[in-house]
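We name chains A, B, ... by the order of the sequence lines, and we start the count at 1 in each one.
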Number of protein chains: 2
Amino acid sequence: MPVSPPRPKGPHLNALRAFEAAARLGSFSAAAEELSVTPGAITQHIKTLEAWAETPLFVRSARGVALTPMAETLVPEFTRAFDQLGLAVHALREQVAPNKIKLATLPSLAQYWLPARLGKLRQIAPDLQVSVIALEEPPNLVREPIDMSLFFTSDPLGPNDIEVLRDRIFPICTPDVAARLTRLEDLRNETLLRDSTWSNDWEHWLSAQTDLGGIASGGTEHSLFAVALEEARHGGGVLMAHEALVQRFLDSGELVRPFAGIVDLPRKLVLHLSPKMARSDQLALIKDVLLDTVQ
Amino acid sequence: MPVSPPRPKGPHLNALRAFEAAARLGSFSAAAEELSVTPGAITQHIKTLEAWAETPLFVRSARGVALTPMAETLVPEFTRAFDQLGLAVHALREQVAPNKIKLATLPSLAQYWLPARLGKLRQIAPDLQVSVIALEEPPNLVREPIDMSLFFTSDPLGPNDIEVLRDRIFPICTPDVAARLTRLEDLRNETLLRDSTWSNDWEHWLSAQTDLGGIASGGTEHSLFAVALEEARHGGGVLMAHEALVQRFLDSGELVRPFAGIVDLPRKLVLHLSPKMARSDQLALIKDVLLDTVQ
DNA sequence: AGTTAGATTGAGTTTTTCTACACCAAAATA
DNA sequence: TATTTTGGTGTAGAAAAACTCAATCTAACT
């Protein structure tokens, strides 16, 4: 029965958040990603929490971390808490600025697909202020102050998901490059342009063509689709393109499809809604514009 | 449609916690108290949150603060979130050390009432490790890492409250001081000892006596009951005592009651349980010991 | 007019949090 | 077997956040 230590303090909130993220994602580096910090920061948070609790929470191995059975049982409680906190923050943002909307999406979509739609949206609803955040990975909409995200995924749709379109890929190039291409084999002599996030789309497409001659992988890989596209526009090779991203260049004739083959991927472009957004008045409108079902 | 600002950050967790506490308690200084920081710290947290949200959350006046109507609607959401977080932390503590129990109580109770009971408890259940934290004010058991509290209150009991005893007060002094006291009026010539937390108990008691002659208030006030009691034990005056705190001195004969009058106050000593503790196995045992209903 | 309660301010300090970078150990790859 | 990759750790230093202190303000009580 020790008597009267100083008032005991609870654990640091940031350490709890780091723990929850690491536990939910099963990895310190994934948690670091989600919280936009370095993995080292997560390590330290977990360590302070473990020191506070006087017990280990994760079992470390060189391949990664795993929750201790004890910690395992606690995760749902913490997840519930931080989800609720996220909800509260969304509610705050909603109250303050109901028509400021943040949309996260891939840089390529932000550059080539969205602008036309957002332009139309602004015509229809000039009071909506949509700001676009370009990210490589979909953010956690429950936790971050972002209202919608637009990313490609093959996962089944959840309740707050809306399928916008299916991903269709095909090669494109400038008309003069196309002139050199009559058979698939001719691709052997061309630079195959590809985007690092979809690096095996060429393989997908080639393997879907009846006649495949090991045209293989080579080619230059660009980290940004925009850069690969730019190279294609200057006749630097043949780009494996996504329909949604290049429609306007096909329409203008600047780029053409040297081969007829189009591959429908199981991957979909999905609009994901934050809990706040899911019950927003403006949703119907935004949906119409993004799905091109307006008027 | 501004495009691609850097990834937006959420508000600071500590600022949210400060907001919730201030909103719930209706006062920055009360929030400061609960979070054991200075009021200035709360001011700054609220300011950063207001800056983040780009909106005022409180209306300031010289008398205190009031929530804006907008902020008002958000409070329950935040309270729910931090309550859930508190629950999760309690669950963690429970998992880690199910039989380490922290009990918060008044310094005077910790010193004069508890030790006998905790001694008995240790005999019955040697594996229970109860540590006692002396506080002037009852802590928020949902939020702080404390399992039980024992304080006087006149509020109606909640679901997690157990009445331990009713507060009964009467004057006490050493036998030789008592020898000088035959009528109430004789108190005029004595030093009336009192504790600052119960500073008007003398008035309560006096006004309950049939014959009251404006014996009045004077006397020395001590911030700790222990100090006032010590003075009484050295014959320094007449102390307005609480039955629970002085029983042992009456039993030993060291102190006596110069007058028969006992006043039953509406105030009760209440054992309050954290959500975790409310469903603990050890509860029945602890209850038995604290209520003296053991065997 | 003086006092008081409660909040604010700004400077200075302490604590927390983060990064950078070198390093380590399995596992995967070659 | 050697090499690379993946994911985590440790430490030092830097940056950011949080806090305190003491002075100050304002309207409401005495």
Side-chain angles (χ1 to χ4, degrees), chain A residues 6-53 56-68 71 82 136-137 143 196 199-200 217 221, chain B residues 6-53 56-68 71 82 136-137 143 196 199 217:
Chain A
R7 192 164 176 174
K9 311 267 293 176
H12 291 158
L13 296 184
N14 292 332
L16 294 178
R17 174 167 57 182
F19 167 70
E20 191 276 339
R24 174 166 40 83
L25 302 170
S27 141
F28 285 12
S29 28
E33 178 81 7
E34 172 163 309
L35 302 177
S36 352
V37 294
T38 56
I42 303 294
T43 300
Q44 295 182 58
H45 275 309
I46 304 291
K47 272 213 304 189
T48 44
L49 185 56
E50 287 178 325
W52 180 87
L57 298 167
F58 286 93
V59 182
R60 276 81 163 171
S61 74
R63 274 312 272 159
V65 293
L67 284 166
T68 62
F82 284 106
E136 292 298 335
E137 296 291 335
R143 305 297 172 83
S196 61
S199 55
N200 44 11
S217 36
E221 181 166 310
Chain B
R7 190 163 178 175
K9 312 266 293 176
H12 292 157
L13 296 184
N14 292 333
L16 293 179
R17 175 168 54 182
F19 167 70
E20 192 276 339
R24 173 165 42 81
L25 302 170
S27 140
F28 283 14
S29 26
E33 178 81 7
E34 172 163 311
L35 302 176
S36 354
V37 294
T38 56
I42 303 294
T43 300
Q44 294 181 58
H45 275 310
I46 304 291
K47 274 215 301 191
T48 43
L49 185 56
E50 288 178 324
W52 180 87
L57 297 167
F58 286 93
V59 182
R60 276 80 163 174
S61 73
R63 279 309 277 160
V65 293
L67 284 165
T68 61
F82 284 106
E136 292 297 335
E137 296 289 335
R143 305 297 172 83
S196 61
S199 54
S217 34

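- As a whole-Å value, the separation of B/Leu49 CG from D/dA17 C1' is 15 Å.
- In this structure the side chain of A/Leu67 reaches within 4.5 angstrom of the side chain of A/Phe19, judged on heavy atoms.
- When every heavy atom of B/Ile42 is checked against every heavy atom of B/Ala22, the shortest pair comes out as CG2-CB, 4.5 Å.
- Taking atom NE2 of B/His45 as the reference point, atom C1' of C/dT8 lies 15 Å away to the nearest angstrom.
- As a whole-Å value, the separation of B/Leu25 CG from C/dA7 P is 11 Å.
- The shortest heavy-atom contact between A/Val65 and A/Ser27 is CG2-CA, 4.2 Å.
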What pairs of nitrogen or oxygen atoms, one from the protein and one from nucleotides 4-10 of chain D, lie under 3.5 Å apart?
{"residue": "D/dG8", "atom": "OP1", "partner": "A/Phe28", "partner atom": "N", "Å": "3.0"}
{"residue": "D/dG8", "atom": "OP2", "partner": "A/Ser29", "partner atom": "N", "Å": "2.9"}
{"residue": "D/dG8", "atom": "OP2", "partner": "A/Ser29", "partner atom": "OG", "Å": "2.5"}
{"residue": "D/dT9", "atom": "OP1", "partner": "A/Arg60", "partner atom": "NE", "Å": "2.6"}
{"residue": "D/dT9", "atom": "OP2", "partner": "A/Thr43", "partner atom": "OG1", "Å": "2.8"}
{"residue": "D/dG10", "atom": "OP2", "partner": "A/Lys47", "partner atom": "NZ", "Å": "3.3"}

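- For B/Glu33 and C/dA5, the CD to C1' distance is 15 Å, given to the nearest whole Å.
- Between B/Arg60 and B/Ile46, the closest side-chain pair of non-hydrogen atoms falls below 4.5 Å.
- Interface residues of residues 8-16 of chain A facing DNA chain C, ordered by number: A/His12, A/Asn14; criterion, heavy-atom separation under 4.0 Å.
- For A/Ala23 against A/Phe58, the heavy-atom pair with the smallest separation is N-CZ, 3.8 Å.
- When the C1' atom of C/dG12 is taken as reference, atom CD of B/Gln44 falls 12 Å away, rounded to whole Å.
- Across all non-hydrogen atoms, the minimal contact from A/Glu34 to A/Ala21 is OE2-CB, 4.3 Å.
- Closest approach of B/Leu35 and B/Ala18 over heavy atoms only: CD1-CA, 3.9 Å.
- Considering every non-hydrogen atom in both B/Pro11 and B/Leu49, the closest pair reads CB-CD1, 3.8 Å.
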